[in-house]
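To find a chain, count down the sequence lines: A is the first, B the second, and so on, and within it residues start at 1.
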2 protein chains.
Amino acid sequence: MNVRLMNSNEKIAAVFASTLKLIQTNGFHGTPMSKIAQESDVAIGTIYHYFPSKDDLIFALFKHCRALLNDYIFDGIKDDFSYKDSFFHVWRNFVKFYLENGHVFSFFEQFFSSPYYEKNKAEIQEPVGGQNKVVDFLQEGIDRKILKQVNVHLLVASYIGVALSTVHSIKFKDLSFSERNMEELIGIIWDGAINREKNN
Amino acid sequence: MNVRLMNSNEKIAAVFASTLKLIQTNGFHGTPMSKIAQESDVAIGTIYHYFPSKDDLIFALFKHCRALLNDYIFDGIKDDFSYKDSFFHVWRNFVKFYLENGHVFSFFEQFFSSPYYEKNKAEIQEPVGGQNKVVDFLQEGIDRKILKQVNVHLLVASYIGVALSTVHSIKFKDLSFSERNMEELIGIIWDGAINREKNN
DNA sequence: TGCAACCGAATGAACGTTCGATTGATGAAT
DNA sequence: ATTCATCAATCGAACGTTCATTCGGTTGCA
């Protein structure tokens with residue numbers, strides 16, 4: 001393909017997009033560099049010009065996707081939102097992001113369950129997508145006595161775990177998903193998480 | 001190694017055990033047949049005598065582990081258990097199984113997030129470990145108006161999702177886990193799942 | 001004697017990565 | 001205004017390695 005139809009940024013974007021697409025369909029190891037090059041119309045040599053190895057490419061792609069997720073989930077929170085409003089809003093965004101970006105979901109699922117992640121977790125720090133901000137947000141609810149007085153990581157596991165599990169079910173099973181389902185689910189989490197001593 | 005130190009069943013068991021161990025450490029594709037043979041003291045040719053391909057081996061291993069899980073989680077339920085007792089008991093068993101069998105957890109995580117699973121899901125039917133019985137169990141709670149009157153799959157996603165996410169956090173983060181944590185978590189799920197119109 | 005279980009060196013395909021050659025933009029020198 | 005040197009960007013054939021799988025031969029029970 002003609003060299004000048006893409007500049008550097010476009011090439012990298014094309015490589016990222018092709019990699020996500022191929023990984024969703026063929027999995028991590030069913031996605032050779034040769035196919036990424038073919039699919040993205042970027043020569044293998046050029047990919048290696050930007051990423052020293054396949055591992056580096058995957059790692060960079062992960063950081064790219066995590067940034068997208070982080071930007072997305074806390075977007076649209078208004079000043080007049082109550083804590084409960086935000087609790088609902090962020091969770092809905094979380095699910096919506098993964099539903100709208102199924103290839104990112106596939107990539108994250110594979111990434112986080114691979115020894116890849118385990119071996120670099122010290123460097124990654126911020127585990128399952130955007131959790132640091134989520135941890136802070138849920139800790140705020142605990143401090144304000146709105147949520148149960150438990151270890152924040154238990155609440156995070158519930159909040160995120162239900163979202164991931166739901167998206168997985170929608171994707172792999174025949175769970176058709178409606179706005180009503182979403183409200184029922186976030187209701188389950190809220191009812192489970194709130195501090196009944198002080199609340200509602 | 002001397003042929004007669006293992007019979008067929010022992011060989012297959014050794015192959016399964018080695019495969020699980022290697023996959024936990026090196027991942028699905030960092031586990032070549034040659035290493036499985038080496039680690040299990042069973043010749044490559046012999047492995048291929050029992051399993052036509054690596055895929056068949058993985059598939060058989062999956063079914064084997066799923067059966068173990070199914071046997072485990074509904075074990076120990078007494079006749080005098082209330083529905084709530086069983087709800088708690090099964091969930092605790094679920095978490096305990098994965099904590100005691102970390103290699104199975106790793107294997108399942110990778111298996112379920114691989115295109116492997118996606119491509120064979122019709123044949124696998126019973127998705128994330130032991131869910132069919134879990135579905136029936138939660139449906140019973142809905143029918144008896146103990147649990148919220150929602151799509152059972154939403155409750156399954158919550159019930160299982162929190163368990164998986166918790167085990168993942170324990171495994172990959174520094175979430176040390178106590179009996180008290182376990183009780184707090186199952187409390188969160190129960191509070192979220194119960195039908196407040198009719199209950200407690 | 002026959003047959004299933006067993007063995008592991010050999011095979012061929014697929015993969016990550018390298019590297020020498022080519023292109024095109026930039027700016028200094030003329 | 002034109003030439004030229006430089007260097008980053010680009011390319012893909014070729015290399016060496018690794019892997020799943022095969023197959024011809026061996027073992028030992030019935």
In whole Å, I'd like the distance from the [atom1] atom of [X] to the [atom2] atom of [N].
X        : N       : atom1 : atom2 : result
Ile44(B) : dT18(D) : CD1   : C1'   : 12 Å
Glu10(A) : dT10(D) : CD    : P     : 11 Å
Ile36(A) : dT17(C) : CD1   : P     : 11 Å
Lys54(A) : dT17(D) : NZ    : P     : 20 Å
Phe51(A) : dA9(D)  : CZ    : P     : 13 Å
Met33(B) : dT22(D) : CE    : C1'   : 12 Å
Leu57(B) : dT21(D) : CG    : P     : 10 Å
Asp41(B) : dA5(C)  : CG    : P     : 20 Å

Nearest-nucleotide 5' precedence on DNA chain C, Lys35(A) against Pro52(A):
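Closer to the 5' end of DNA chain C: Lys35(A).
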Assign each of Phe28(A) and Gly45(A) to its nearest nucleotide of DNA chain C by heavy atoms, then name whichever residue's nucleotide is nearer the 5' end.
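Closest to the 5' end, via its nearest nucleotide, is Phe28(A).
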Could you tell me whether Asp80(B) atom CG has more than 12 heavy atoms of other residues or ligands within 6.0 Å of it?
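Check passes, neighbour count above 12.
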With respect to the phosphate group of [N], does any side-chain polar atom (N or O) of [X] fall under 4.0 Å of OP1 or OP2?
X        : N       : value
Ser8(A)  : dA9(D)  : no
His49(A) : dT10(D) : no
Lys11(B) : dA5(C)  : no
Tyr48(A) : dG12(D) : no
Thr46(A) : dA9(D)  : no

Is the shortest heavy-atom distance from the side chain of Asp191(B) to the side chain of Lys148(A) under 4.5 Å?
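Side chain of Asp191(B) against side chain of Lys148(A), heavy atoms only: contact under 4.5 Å found.
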Nearest to the side chain of [X] - [options]?
X        : options                   : result
Tyr50(A) : dT10(D), dT21(D), dC7(C)  : dT10(D)
Pro32(B) : dT10(D), dA20(D), dT17(C) : dA20(D)
Ala43(B) : dC7(C), dT21(D), dT17(C)  : dC7(C)

With Phe112(B) as reference, evaluate Phe62(B), Phe107(B), Phe28(B), Phe105(B) under the ring-ring contact (aromatic ring centres under 6.0 Å, His included) test and give the passing residue.
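So, applying the ring-ring contact (aromatic ring centres under 6.0 Å, His included) to Phe112(B) and each of Phe62(B), Phe107(B), Phe28(B), Phe105(B), only Phe62(B) qualifies.
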Anything under 30° is parallel, anything over 60° is perpendicular, the rest tilted; go ahead and classify Tyr159(B) against Phe137(B).
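Rings of Tyr159(B) and Phe137(B): tilted, as their planes differ by 30° to 60°.
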Side chains of Tyr50(A) and Asp56(A): donor-acceptor distance under 3.5 Å anywhere?
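No - no donor-acceptor pair under 3.5 Å links their side chains.
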